[in-house]
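Let me begin by presenting the structure, written as structure tokens, before commenting on it.
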Amino acid sequence: MDAILLAAGLSKRMGRQKLLLPFGNKTVLETVIDNLRGAGIEKIHAVISREVAAALSNLPPCVETRVNEAPERGQSSSLAIGLEMLGESGDFLIMLGDLPLAASEAIAALARRFDALPPEKTLLAPCRAGIFGHPMFYRAVWRERFRGAQGDAGGRKIVTQYEHEIERIEAPDCHFKDMDTPEEYEERVRQAISGANVRGESII
């Protein structure tokens with residue numbers, strides 16, 4: 001399965017490029033990429049900002065990158081670029097670049113649930129109190145449906161038009177813990193360290 005990785009945000013609330021912040025011995029974005037690879041994702045189509053492209057020039061060969069030159073148009077502009085990068089491949093997932101706590105095992109568990117969807121369901125989404133988490137998994141039919149998305153909410157509006165095709169599932173907190181502010185970033189780092197300590201690992 002291929003992944004679209006949306007990572008061209010301007011990080012206005014963070015005050016600096018959040019995807020380049022350290023997360024253990026990597027950056028936030030490198031951690032997300034490693035988590036996707038660890039879950040068995042074969043190809044990652046990453047839509048990034050010019051700043052991130054300049055800073056991360058040695059990403060793994062399975063990561064194809066393209067710069068969104070006008071991310072102020074909203075997340076849908078990055079989604080459109082990612083859909084172009086997908087080409088004619090089949091099912092896909094969409095992941096956000098600021099979800100470093102969504103570990104490989106958790107993503108792989110969602111992928112297994114997606115593989116087992118009945119034919120009438122075409123979208124698998126972690127969901128809590130009406131809020132979607134990520135990654136979200138899509139059948140190939142969604143590539144065309146998303147092409148008309150506009151702004152930051154365009155993709156979500158299209159999703160709600162196909163409510164009967166959505167399989168919502170309970171999922172761990174890690175799928176909902178993005179980070180937009182310095183306080184959220186610090187909390188995610190603490191959570192990562194705490195989780196690593198529980199597992200007897202070190203991320204620093």
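Note that the structure is a prediction, hence the values are computed from the model and not measured.
- Pro71 and Ala8 make their closest contact through CB-O, 3.1 Å (heavy atoms, listed as atom of the first residue, atom of the second, distance).
- The side-chain heavy atoms of Phe132 and Pro126, taken from C-beta on, include no pair separated by under 4.5 Å.
- When the options Thr122, Leu123, Leu117 are evaluated for a side chain to side chain contact (heavy atoms under 4.5 Å, CB included) with Glu167, the one that passes is Leu117.
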Test side-chain contact (heavy atoms from CB on, under 4.5 Å) applied to Arg66 and Ile48, step by step: CA-CA 6 Å; Arg66 193 172 298 177; Ile48 58 179; over 6 Å; no
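- A continuous path of Ile, Leu, Val, Met, Phe, Trp and Tyr side chains, each step under 4.5 Å between heavy atoms, connects Val52 with Tyr185, placing both in one hydrophobic cluster.
- Side chains of Arg128 and Asp173 form a contact here, defined as non-hydrogen atoms less than 4.5 Å apart.
- Partners of Glu187 by side-chain hydrogen bond (donor to acceptor under 3.5 Å, both in side chains), not counting sequence neighbours, listed by chain and number: Arg190.
- A continuous path of hydrophobic side-chain contacts links Val141 to Leu79 [ILVMFWY only; heavy atoms under 4.5 Å].
- Between Arg37 and Cys62 there is a side-chain heavy-atom pair separated by less than 4.5 Å.
- Using a 4.5 Å cut-off on side-chain heavy atoms (C-beta onward), Asn68 and Arg73 make contact.
- Evaluation of the side chain to side chain donor-acceptor pair (under 3.5 Å) test over residues 93-119, restricted to residues two or more places apart or in two chains, returns Lys18-Asp98.
- Among residue pairs with one or both ends in residues 94-130, those qualifying as ring-ring contact (aromatic ring centres under 6.0 Å, His included) are Phe114-Phe137; sequence neighbours excluded.
- Contact check for Leu20 versus Leu29: no side-chain heavy atoms found under the 4.5 Å cut-off.
- When the side chains of ILVMFWY residues are joined at heavy-atom separations under 4.5 Å, either directly or via intervening members, Leu59 and Val32 end up in a single hydrophobic cluster.
- For Glu165, the salt bridge (Lys or Arg N to Asp or Glu O under 4.0 Å) partners two or more places apart in sequence, or in a different chain, are Arg145.
- Under the 4.5 Å side-chain criterion, counting only non-hydrogen atoms from C-beta, Val67 is not in contact with Ser49.
- Take Thr27 and apply the side-chain hydrogen bond (donor to acceptor under 3.5 Å, both in side chains) test, not counting sequence neighbours, and it matches Glu30.
- Here the closest heavy-atom approach between residue Lys43 and residue Pro61 is recorded as NZ-O, 3.8 Å.
- Under a cutoff of 6.0 Å and an axis angle of 45°, Arg188 and Phe23 do not form a cation-pi pair.
- At least one donor-acceptor pair under 3.5 Å links the side chain of His175 to the backbone N or O of His134.
- Nearest heavy atoms, Gly97 versus Val28: O-CG1, 3.6 Å.
- For the atom pair CG of Leu96 and CE of Met136, the computed distance is 9.5 Å after rounding to the nearest 0.5 Å.
- A side chain to side chain contact (heavy atoms under 4.5 Å, CB included) with Ile4 is found for one member of Ile81, Ile44, Leu86 and no other, namely Leu86.
- Remark: Glu144 pairs with Arg147 by the salt bridge (Lys or Arg N to Asp or Glu O under 4.0 Å) rule, at least two apart or across chains.
- With sequence neighbours excluded, the residues forming a salt bridge (Lys or Arg N to Asp or Glu O under 4.0 Å) with Glu69 are Arg50, listed by chain and number.
- Ionic pairing of Glu184 and Lys177 is not present here: no N-O contact between side-chain nitrogen and carboxylate oxygen is shorter than 4.0 angstrom.
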Chi angles and distances behind the side-chain contact (heavy atoms from CB on, under 4.5 Å) call for Leu21, Met14: CA-CA 10 Å; Leu21 291 172; Met14 188 67 73; 4.2 Å; yes
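- By the rule that hydrophobic residues join a cluster once side-chain heavy atoms approach within less than 4.5 Å of another member, Val47 and Ile41 end up as members of separate clusters.
- Under the ring pair (Phe, Tyr, Trp, His ring centres under 6.0 Å) criterion, Tyr138 pairs with Phe92, Trp142, Phe146, sequence neighbours left out.
- Listed by chain and number, the residues in a salt bridge (Lys or Arg N to Asp or Glu O under 4.0 Å) with Glu163 are Arg168 (sequence neighbours excluded).
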side-chain contact (heavy atoms from CB on, under 4.5 Å) between Asn35 and Met95, worked out: CA-CA 11 Å; Asn35 289 341; Met95 181 60 169; over 6 Å; no
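- Atom CG in Leu5 sits 10.0 Å away from atom CG in Leu99 (nearest 0.5 Å).
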Candidate pair Leu110 and Ile169, rule side-chain contact (heavy atoms from CB on, under 4.5 Å), full reasoning: CA-CA 9 Å; Leu110 291 180; Ile169 63 168; 3.2 Å; yes
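- For Thr31, the side-chain hydrogen bond (donor to acceptor under 3.5 Å, both in side chains) test picks out no residue, with sequence neighbours left out.
- The hydrophobic clustering, which links ILVMFWY residues whose side-chain heavy atoms are closer than 4.5 Å, places Leu6 and Leu83 together.
- A distance of 12.0 Å separates CG in Asp2 from CD1 in Ile94, rounded to the nearest 0.5 Å.
- Using a 4.0 Å cut-off between charged nitrogen and carboxylate oxygen, Asp180 and Lys12 do not count as a salt-bridge pair.
- Residues that satisfy the side-chain hydrogen bond (donor to acceptor under 3.5 Å, both in side chains) test with Asp178, not counting sequence neighbours, are absent from this structure.
- Every pair tested for ring-ring contact (aromatic ring centres under 6.0 Å, His included) that includes a residue from residues 32-55 fails, sequence neighbours excluded, so the list is empty.
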